[in-house]
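Reviewing the structure listed below.
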Amino acid sequence: MKNYKFLTILFSVIGLLLVSCGEDMSLPLTDTNHRIIVTSEMDFENRVSVNGHIDFGDISRGVVSRLWTLPGGTDVSVIAENGESTSSKKVIKGIFYKPGVYNVTLNQTFGGDVFSNDDSTEPINGRVLDTTIVVTVLDSLRADLKLYYVNDDGSTGAELTLADDAENELTASKSVRLTYTTIGEEDNVIWSSNGGKPDMINTTLNEVDMRFNKLGSWDLDFLASRFRPRDADTISFEKIIKVIPSTEPVVLERILERDGFVALEFSRDMDLTSLNPSNFSVRLENGGTTLNPTVTEAILDANEENVVLLGFDTERMYDNDIAYVSYSPGSMTTADQVEADAFTDVPSTSAGANANFYETTGIDFGFESTTAQNRDGGDWPYQNWGGLWGEYDIEINSAQPRSGNQSMYIEYRPFGGMIMQANANFQLTVGQEYEIGYWIYIVDGIANAPTGTAASDIRFYANNWAMGDWATTVFSSDMPTGEWIYQNFYFKSSTDAEISWLIRGFNENNADTIRFYMDDMSLSEVELRP
């Protein structure tokens with residue numbers, strides 16, 4: 001018995017209208033035996049929830065007799081019309097009671113030789129066809145949660161008690177590891193807590209961390225869902241985590257631009273009343289320009305009280321500025337009354353400062369769902385330039401992810417290079433300024449890297465060639481290896497266009513194989529210093 005891939009479009013009945021104009025006219029028609037089978041879930045891989053149903057239709061031409069057969073006994077599936085496992089009707093409704101993968105079969109006898117499929121050009125030499133439709137019956141979606149403390153070294157600690165009002169104590173700025181398993185094949189998961197950072201995590205990863213900075217007792221909500229067949233499981237706990245004061249030093253985790261302010265992101269919430277702008281000094285650098293504005297304002301971000309915002313009377317920070325911030329010993333303390341230590345000339349970063357535009361597109365910026373396992377296929381196809389541009393290898397693997405579970409591993413072969421295209425399109429807006437960023441982890445191959453015009457590099461181009469090359473990372477012998485480093489570049493779009501990236505690698509003058517990983521690509525709308 002053969003399996004067939006069926007049409008994804010339901011056929012309409014076409015009526016022929018014979019018109020007479022003063023004399024009788026007739027159109028001779030030759031009926032053709034033709035197999036056409038449809039299902040109500042054919043566009044969704046014939047998946048159904050347990051106790052759900054699928055309609056099966058035989059709209060073939062020339063059928064003399066037919067027999068539908070559903071799998072198993074009546075405890076597995078039945079035909080709604082008769083409660084049995086077989087039927088000779090044109091359309092039947094199959095109801096499935098147990099999870100699993102099942103074959104629904106149709107035996108047809110035609111009045112003559114029959115075309116087996118809609119694209120067949122010749123009929124088969126026979127009148128009987130057997131068809132198998134594979135149906136996947138999914139169990140009701142059910143989730144099982146476990147929460148753990150996260151040790152200071154990042155390892156998984158003791159398990160938390162899952163119950164309302166458990167108030168598992170957690171020191172401010174520490175994290176909880178959220179894990180789940182499911183029955184029923186979810187395609188989306190959301191964790192949320194008003195006290196968490198971030199307060200919502202939308203993911204399909206089975207393990208994520210949520211940090212808690214704010215003192216108090218906090219609820220936790222979990223939602224697992226699938227789009228088709230639609231189902232969901234929601235689990236909620238009230239006051240499951242109680243955040244208590246810390247005696248540990250507060251850590252300045254990063255400095256970035258936020259709405260023109262210089263934003264200082266600390267490891268836990270800060271006390272607004274302890275902030276004094278005179279305790280801070282800021283130097284802004286941009287190319288050859290250096291500015292020393294006076295800090296006149298020090299406030300907390302309205303949505304994140306672990307972020308201190310520094311403002312100026314006559315100046316602001318732009319996305320492509322580098323801010324060097326110093327804090328002299330003053331009164332700044334955390335919300336749990338731990339004094340902040342002094343720091344000097346800590347530079348800002350643009351990594352993660354703005355929303356990643358790729359998140360609203362099909363670009364697999366974190367390589368979590370990319371299918372390419374080599375340069376010749378999948379979501380990052382080779383562009384067939386020939387010559388040195390095909391002398392590379394790529395693989396998506398879990399050996400060295402910066403975040404998530406996967407990253408892209410790339411090898412430039414000796415005297416080689418690459419050209420591949422990103423896996424989806426996105427829209428650029430003329431006049432809009434952007435930052436393109438990505439992280440690379442260099443394994444080796446740069447010790448003897450050539451310099452100047454012979455240098456090995458990575459370059460991003462718009463696939464429509466409407467703009468020049470941006471985001472050029474030049475490999476040099478003094479670059480760090482064995483760690484993730486952020487690469488970022490700014491540009492103003494010269495066109496309204498839907499594009500994807502061409503990613504070009506050049507290693508023509510290097511006798512060594514350059515090996516590196518790439519992860520967490522980003523594209524952000526920014527405002528650059530005029």
Any non-hydrogen side-chain atom of Ile241 less than 4.5 Å from a side-chain atom of Val176? yes

Given the options Ile440, Ile410, Asn397, Tyr517 meets side chain to side chain contact (heavy atoms under 4.5 Å, CB included) only with Asn397

Could you tell me if Arg402 sits above the aromatic ring of Trp484, with its cationic atom closer than 6.0 Å to the ring centre and no more than 45 degrees from the axis? no

Partner residues of Arg254 under the side-chain contact (heavy atoms from CB on, under 4.5 Å) criterion, sequence neighbours left out: Leu256, Glu265, Thr349

Please report whether the ring centroid of Tyr438 lies less than 6.0 Å from that of Phe460. yes

Ring center gap for Phe516 and Tyr441 short of 6.0 angstrom: no

Test item: Gln108 and Leu106 side chains (from C-beta on) under 4.5 Å apart, heavy atoms: yes

May I have the step-by-step check of salt bridge (Lys or Arg N to Asp or Glu O under 4.0 Å) for Arg258 and Asp301, ending in yes or no? CA-CA 10 Å; Arg258 182 170 295 181; Asp301 186 287; 3.0 Å; yes

For Asp58, check salt bridge (charged side-chain N to carboxylate O under 4.0 Å, His left out) against everything at least two apart and list the hits. Arg66

Which residues satisfy the salt bridge (charged side-chain N to carboxylate O under 4.0 Å, His left out) test with Glu185, sequence neighbours excluded? Arg47

So which of Asp393, Leu388, Asn507 actually passes side chain to side chain contact (heavy atoms under 4.5 Å, CB included) with Arg413? Asp393

Residue set satisfying side-chain hydrogen bond (donor to acceptor under 3.5 Å, both in side chains) with Trp501, at least two apart, ordered chain then number -> Tyr358

Does the ring centre of Trp380 sit less than 6.0 Å away from the ring centre of Phe367? yes

Would you mind reporting whether Leu170 and Asn168 have side-chain heavy atoms less than 4.5 Å apart? no

Minimum heavy-atom distance between Ala163 and Ile240, given as atom pair plus value: O-CG1, 4.1 Å

State which residues pass side-chain contact (heavy atoms from CB on, under 4.5 Å) with Thr69; sequence neighbours excluded, sorted by chain then number. Leu67, Thr86, Thr105

Would you please name every residue forming a side-chain contact (heavy atoms from CB on, under 4.5 Å) with Glu207, sequence neighbours left out? Arg177, Thr179

